[in-house]
**Q** 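Pasting in a structure now, in structure tokens, and then I'll have a few things to ask.
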Amino acid sequence: MRTELTSLIESYEKRILGQSTNLRLLLSAILSGGHVLLEGVPGTGKTQMVKTLANLLGGDFNRIQFTPDLLPSDITGSTIYNMKDSTFQTLKGPIFANVLLADEINRTPAKTQAALLEAMEERQVTIQGETYQLPEVFFVVATQNPIEFEGTYPLPEAQQDRFLFKLHINFPSVEEETDVLKSVLENRHFIEDIQSVMDMDTFLAIRKEIEAVTLSDEVLAYIMQIVRRTRETESIRFGASTRAAISIGRAARSWGYLQERDYVTPDDVKMVAKPALRHRIQLSPHMELEGVALDQVIEELVGSVPVPR
């Protein structure tokens, strides 16, 4: 199984340059059965990053452009009356996919955003009173633009908490950005010709192996100390929930597996703690007024917790 996963990572990093850590975190999230919130300015390759992953996994990919007039039924589906057969037919929406890209999710009202809640948490949707199961591999990646807030609707805390990670997509280095420019201008960068490196059955088998990765009592206690420290720190107004601790534990297992280990280390926890916490905690008003960065607070908090031997 690890051979297929290694091939996937190598192919992924050849296609998406300058985002190695984020690619692995994205892969860790889908291996953990979680969802991801991507934040980055336009033109940094967020859509291509998600579509490439879907193609490499051989899964179904759908993209929804969130707009102010988008309706919940545009996501989940609807029921129509077939006059020819005098029957009602259910038309399933784009949410029925292995990988779903919710593009600019904060541009649609809360009612439509909430259409994703049941699907993300319970892996099912309800259409006109009927419940339909989503694919066993179901991965939502939602994107946000951090610099343009006019006409946007902030995500409710309940929905943010359902994302395993919040990843920041930054600009690549000069060398990496130059390589991207060359590949596009020389027509060497086509997403359509990407060949899958594994199938869904293999992917699900890898998930089963990850569930067997050892998470010792000491590392488990370390995770709990980090989460509880977020509730006791004066610089943080609202600390992380129990779901945050569960998310860190699951993600740390996947990250350890990607490092070709069958056990979780404190370094694995440190690696996933920041993306797992940055959308789940809020700074105190005085910290926001001072312009203190949330990531800096998380780093200091994690660093203050004693590391188990």
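Because the structure is a prediction, the values reported are computed rather than measured.
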**Q** Leu23 versus Leu27: any side-chain heavy-atom pair under 4.5 Å?
**A**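 Leu23 vs Leu27: side chains apart.
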**Q** Is Ile16 linked to Leu167 within one hydrophobic cluster, defined over Ile, Leu, Val, Met, Phe, Trp and Tyr using a side-chain heavy-atom separation of less than 4.5 Å?
**A**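 Yes, same cluster.
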**Q** Please check: side-chain N/O of Thr79 versus main-chain N/O of Gln128, any donor-acceptor pairing under 3.5 Å?
**A**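 No, the answer is negative, given that no donor and acceptor are paired below the 3.5 Å cut-off.
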**Q** Could you tell me whether the side chains of Asp69 and Thr67 share a donor-acceptor contact shorter than 3.5 Å?
**A**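 Thr67 and Asp69 do have a side-chain donor-acceptor pair below 3.5 Å.
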**Q** State, to 0.1 Å, how close Leu56 and Ser11 come at their nearest heavy-atom pair, and which atoms those are.
**A** CD2-CB, 3.8 Å
**Q** So do Leu277 and Leu294 actually touch side chain to side chain, heavy atoms under 4.5 Å?
**A**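 Contact flag for Leu294/Leu277 side chains = no.
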**Q** To the nearest 0.5 Å, how far apart are OG1 in Thr214 and OH in Tyr263?
**A** 10.0 Å
**Q** Please confirm whether the backbone N or O of Ile30 pairs with a side-chain atom of Arg207, one donor and one acceptor, at under 3.5 Å?
**A** yes
**Q** With a 4.5 Å heavy-atom cut-off, do Val141 and Leu100 have their side chains touching?
**A** no
**Q** Under 3.5 Å, is there a donor-acceptor pair between the side chain of Asn98 and the main chain of Asp60?
**A**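 Yes, the answer is positive, given that a donor and an acceptor are paired below the 3.5 Å cut-off.
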**Q** Please give me the minimum heavy-atom distance between Ser20 and Glu13, naming the atom from each residue.
**A** OG-OE2, 2.8 Å
**Q** Does Val197 share a hydrophobic cluster with Phe139, counting links as ILVMFWY side-chain heavy atoms below 4.5 Å and allowing steps through other members?
**A**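 Per the 4.5 Å side-chain linkage, Val197 and Phe139 are co-clustered.
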**Q** Using the rule given for side chain to side chain contact (heavy atoms under 4.5 Å, CB included), can you reason through Leu134 versus Val125, listing the C-alpha separation, both sets of side-chain angles and the distance that settles it, and then say yes or no?
**A** CA-CA 7 Å; Leu134 290 166; Val125 296; 4.2 Å; yes
**Q** Under 6.0 Å from the CZ atom of Arg123, do we count more than 12 heavy atoms belonging to anything else shown?
**A** yes
**Q** Quick check: is Ile236 connected to Met224 through a chain of hydrophobic side chains (ILVMFWY, heavy atoms under 4.5 Å apart)?
**A**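 No.
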**Q** For residues Phe163 and Met120, determine if any side-chain heavy atom of one lies less than 4.5 Å from a side-chain heavy atom of the other.
**A** yes
**Q** Is it the case that the side chains of Glu104 and Gln65 hold a donor-acceptor pair, with the cut-off being a distance below 3.5 Å and no angle test?
**A**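 A pair is found: one side chain offers a donor N or O, the other an acceptor, under 3.5 Å apart.
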**Q** What's the shortest heavy-atom distance between Asn62 and Ala97, and which atoms?
**A** ND2-CB, 3.5 Å
**Q** Please assess Lys46 against Asp103 for the test salt bridge (charged side-chain N to carboxylate O under 4.0 Å, His left out), listing each intermediate value before the final yes or no.
**A** CA-CA 9 Å; Lys46 299 186 294 296; Asp103 208 4; over 6 Å; no
**Q** Once rounded to the nearest 0.5 Å, what's the spacing between atom OG1 of Thr3 and atom CG of Leu8?
**A**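 If I round to the nearest 0.5 Å, the distance is 12.5 Å.
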**Q** Between Phe171 and Val41, which heavy-atom pair has the shortest distance, and what is it?
**A** CZ-CG2, 3.4 Å
**Q** Could you tell me the separation between the OG atom of Ser254 and the CD atom of Glu211, rounded to the nearest 0.5 Å?
**A** 9.5 Å
**Q** Main chain of Asn170, side chain of Gln19: is a donor-acceptor contact present, judged purely on distance under 3.5 Å?
**A**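 Side chain of Gln19 to backbone of Asn170: a pair is present.
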**Q** Using only atom types and a distance under 3.5 Å, with no angle test, would you say the side chain of Thr52 pairs donor to acceptor with the backbone of Met49?
**A**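 It does not hold such a pair.
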**Q** Applying side chain to side chain contact (heavy atoms under 4.5 Å, CB included) to Phe203 and Leu5, what does each step give before you reach the verdict?
**A** CA-CA 9 Å; Phe203 181 80; Leu5 196 56; over 6 Å; no
**Q** Going by heavy atoms in the side chains, are Thr6 and Glu260 under 4.5 Å from each other?
**A** yes
**Q** Hey, what else clusters with Ile80 if you join Ile, Leu, Val, Met, Phe, Trp, Tyr whenever side-chain heavy atoms sit under 4.5 Å?
**A**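 For the cluster that includes Ile80, the remaining residues are Leu91.
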**Q** Can you sort out the partners of Phe138 under ring pair (Phe, Tyr, Trp, His ring centres under 6.0 Å), two or more places apart, ordered by chain and number?
**A**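 Ring pair (Phe, Tyr, Trp, His ring centres under 6.0 Å) list for Phe138, sorted by chain: His35.
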**Q** Run the numbers on Ser196 and Asn55 for side chain to side chain donor-acceptor pair (under 3.5 Å), then give the verdict.
**A** CA-CA 6 Å; Ser196 62; Asn55 287 347; over 6 Å; no
**Q** For residues Leu53 and Val50, determine if any side-chain heavy atom of one lies less than 4.5 Å from a side-chain heavy atom of the other.
**A**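 When only atoms from C-beta onward are counted, Val50 and Leu53 do not touch, as no gap falls below 4.5 Å.
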**Q** Between the main-chain N or O of Trp255 and the side-chain N or O of Arg24, is there a donor-acceptor pair closer than 3.5 Å?
**A** no
**Q** Of all heavy-atom pairs between Gln144 and Ile105, which one has the smallest distance, and what is that distance?
**A** CG-CG2, 4.2 Å
**Q** Please identify each residue that fulfils side chain to side chain contact (heavy atoms under 4.5 Å, CB included) with Ser247, with sequence neighbours left out.
**A** Leu164, Arg243, Arg280
**Q** On a heavy-atom basis, which atom in Pro72 and which in Lys111 lie closest, and how many Å separate them?
**A** CG-O, 4.0 Å
**Q** Could you measure the distance from the CG atom of Leu301 to the OG1 atom of Thr233? Nearest 0.5 Å is fine.
**A** 4.5 Å
**Q** Atom CD1 of Ile248 and atom CG of Leu215: how far apart are they, to the nearest 0.5 Å?
**A**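 It comes to 11.0 Å.
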**Q** Please answer whether the main-chain N or O of Ser235 pairs with a side-chain N or O of Ser284 as donor and acceptor at a distance below 3.5 Å.
**A**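 Looks like yes, one N/O pair under 3.5 Å.
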**Q** Check the pair Thr90 / Glu130 against side chain to side chain contact (heavy atoms under 4.5 Å, CB included), numbers first and verdict last.
**A** CA-CA 9 Å; Thr90 299; Glu130 291 289 331; 5.9 Å; no
**Q** Consider only side-chain heavy atoms of I, L, V, M, F, W and Y, link residues closer than 4.5 Å, and tell whether Val227 and Val307 are in one cluster.
**A**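 Yes: a chain of side-chain contacts under 4.5 Å links Val227 to Val307.
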**Q** Side chain to side chain contact (heavy atoms under 4.5 Å, CB included) for Val302 and Tyr222? Distances and angles first, verdict last.
**A** CA-CA 10 Å; Val302 174; Tyr222 180 56; 4.0 Å; yes
**Q** Examine Leu38 and Ile95 and state if one hydrophobic cluster contains both, with Ile, Leu, Val, Met, Phe, Trp and Tyr joined whenever side-chain heavy atoms are less than 4.5 Å apart.
**A**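 No; tracing contacts between hydrophobic side chains, which count when under 4.5 Å, never links both residues.
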**Q** Is there a donor-acceptor pair closer than 3.5 Å between any side-chain N or O of Tyr132 and the backbone N or O of Lys92?
**A** no
**Q** Checking the side chain of Asp74 only, and the main-chain atoms of Leu71 only, is there a donor and an acceptor separated by less than 3.5 Å?
**A**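 Judged by distance alone, yes, a pair lies under 3.5 Å.
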**Q** Just wondering, more than 12 heavy atoms not from Arg228 lying within 6.0 Å of its CZ?
**A** no
**Q** Just how far is it from atom CD1 of Ile206 to atom CG of Asp201, taken to the nearest 0.5 Å?
**A** 11.5 Å
**Q** Just wondering, more than 12 heavy atoms not from Glu232 lying within 6.0 Å of its CD?
**A**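 For Glu232, atom CD is crowded (more than 12 foreign heavy atoms under 6.0 Å).
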**Q** Using modelled atom types only, decide if a donor and an acceptor are shared between the side chain of Arg253 and the backbone of Val213 within a distance under 3.5 Å.
**A** yes
**Q** With the side chain counted from C-beta on, respond yes when Phe88 and Asn82 share a heavy-atom pair under 4.5 Å apart, and no when they do not.
**A** no
**Q** Counting only heavy atoms not in Glu136, do more than 12 sit closer than 6.0 Å to its CD atom?
**A**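 No, CD of Glu136 has 12 or fewer neighbouring heavy atoms, counting only those of other groups under 6.0 Å.
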**Q** Would you say that Asp199 contacts Leu57 through its side chain, given a criterion of any heavy-atom pair below 4.5 Å between the two side chains?
**A** no
**Q** State whether a side-chain donor-acceptor pair under 3.5 Å links Glu4 with Thr202.
**A**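 Side chains of Glu4 and Thr202: no pair found under 3.5 Å.
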